[in-house]
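Since the structure comes first, as structure tokens, the remarks are kept for the end.
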Amino acid sequence: MTARLIDGKKIASEIRAEVAVSAARLAERGTKPGLAAVLVGDDPASQVYVRMKKRACEEAGIYAPDMHLPADTTQEALIERIEQLNGDPRIHGILVQLPLPRPLDESEIMLRVRPEKDVDGFHPVNVGRMVSGDPDAFRPATPAGIQELLKRIDVDPQGRHVVVMGRSNIVGRPVAEILSQKQPWANATVTLAHSRTPDLGEVGRLGDILIVAIGRPEFVTADMVRPGAVVIDVGVNRVDDPETEKGYRLVGDVAFEAVRTVASWITPVPGGVGPMTIAMLLRNTIKAAERFPA
Ligand code: GUN
């Protein structure tokens with residue numbers, strides 16, 4: 001078997017086109033949606049992500065001002081900036097790119113973003129609303145993007161066994177939560193496995209749908225995957241490659257070439273989950289502007 005490719009880039013561009021239509025409709029009614037993507041410091045990967053988010057906003061007609069703060073920004077100064085954005089009527093969504101440089105306290109920062117503007121869905125109020133099954137809660141972009149990918153390839157998780165590898169607050173935990181809920185395009189039986197799970201291969205093979213967000217390059221090999229499984233690879237890892245111009249290449253958490261011979265569907269890296277994260281963030285920003293157009 002050779003797995004079919006899940007073209008996240010194409011699906012994300014369809015969603016971004018839908019977002020552009022919604023943004024134009026809002027603008028006609030006097031509300032240009034606005035997203036503040038706050039970047040603190042000079043982490044190269046974070047810089048790339050924030051630049052891509054801003055560019056996607058501009059293309060969709062969402063106002064996205066520059067919000068780059070120096071690495072030595074204090075906790076107090078960052079909180080003050082967030083408070084300004086909380087009160088800024090041009091800004092409907094706020095995201096603080098993670099990880100923050102040390103010694104900034106991410107948990108406290110997340111608490112300071114007004115829940116109505118928390119388009120990342122990281123504020124405990126939104127986490128709580130999401131976990132209690134409130135369909136209107138902001139859902140974190142990557143898990144929501146994974147569910148949307150399954151929808152667009154018409155693979156309904158209902159009644160299937162979903163194995164998630166990785167228990168981060170950004171991906172593993174919320175995607176396990178979302179796909180086990182009593183909601184359309186969910187209703188799955190979910191196993192949440194992680195680095196301390198004794199035999200990840202044995203658990204992986206249980207998955208009709210295998211979602212990998214474990215942060216280790218090409219960790220999942222073909223023997224860890226159930227034949228015919230749908231494989232969603234959330235990993236983005238730089239590995240040295242002197243053959244390339246940049247000296248590195250990007251690989252996922254799944255050994256793509258080997259696993260594609262056993263899976264039925266698979267996401268590439270790059271071009272799978274990554275573009276969906278951005279598209280869903282834009283969608284959340286529209287949702288925020290529709291609810292609180294002030
Ligand atoms: N860092 C890695 N993923 C994300 C994300 O979805 N949002 C933010 N703000 N930071 C991240």
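As a basis for the values below, the full set of heavy atoms in this structure was taken, side chains included, without hydrogen atoms, waters or symmetry mates. Index from 1, following the sequence. First listed ligand is number 1; within each ligand, the first listed atom is number 1.
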Distance-only criterion, 3.5 Å: show the donor-acceptor pairs between side-chain atoms of residues 129-137 and protein atoms not counting sequence neighbours.
residue: R129; atom: NE; partner: D134; partner atom: OD2; Å: 3.0
residue: R129; atom: NH2; partner: D134; partner atom: OD2; Å: 2.9
residue: S132; atom: OG; partner: G128; partner atom: O; Å: 2.8
residue: S132; atom: OG; partner: R129; partner atom: O; Å: 3.3
residue: D134; atom: OD1; partner: D136; partner atom: N; Å: 2.8

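Here the heavy atom of the protein found nearest to atom 11 (C) of ligand 1 is Q97 NE2, 3.4 Å. Nearest protein neighbour of atom 10 (N) of ligand 1, counting heavy atoms only, is L98 N, 3.0 Å.
Not a single donor-acceptor pair under 3.5 Å links the side chain of R139 to the backbone N or O of A144.
Counting atoms of ligand 1 from 1 in the listed order, those under 4.0 Å from a heavy atom of V96 are 8 (C), 9 (N). Within ligand 1, counting atoms from 1 as listed, the ones closer than 4.0 Å to a heavy atom of L95 are 9 (N).
Looking only at side-chain heavy atoms (C-beta outward), I266 and F256 come within less than 4.5 Å of each other.
At least one N or O atom of D120, backbone or side chain, sits closer than 3.5 Å to an N or O atom of ligand 1.
The closest side-chain donor-acceptor pair between T191 and H161 falls under 3.5 angstrom.
Between D241 and R249 a salt bridge is recorded (basic side-chain N to carboxylate O distance below 4.0 Å).
No part of Y49 comes within 4.0 Å of ligand 1, judged by heavy-atom distances.
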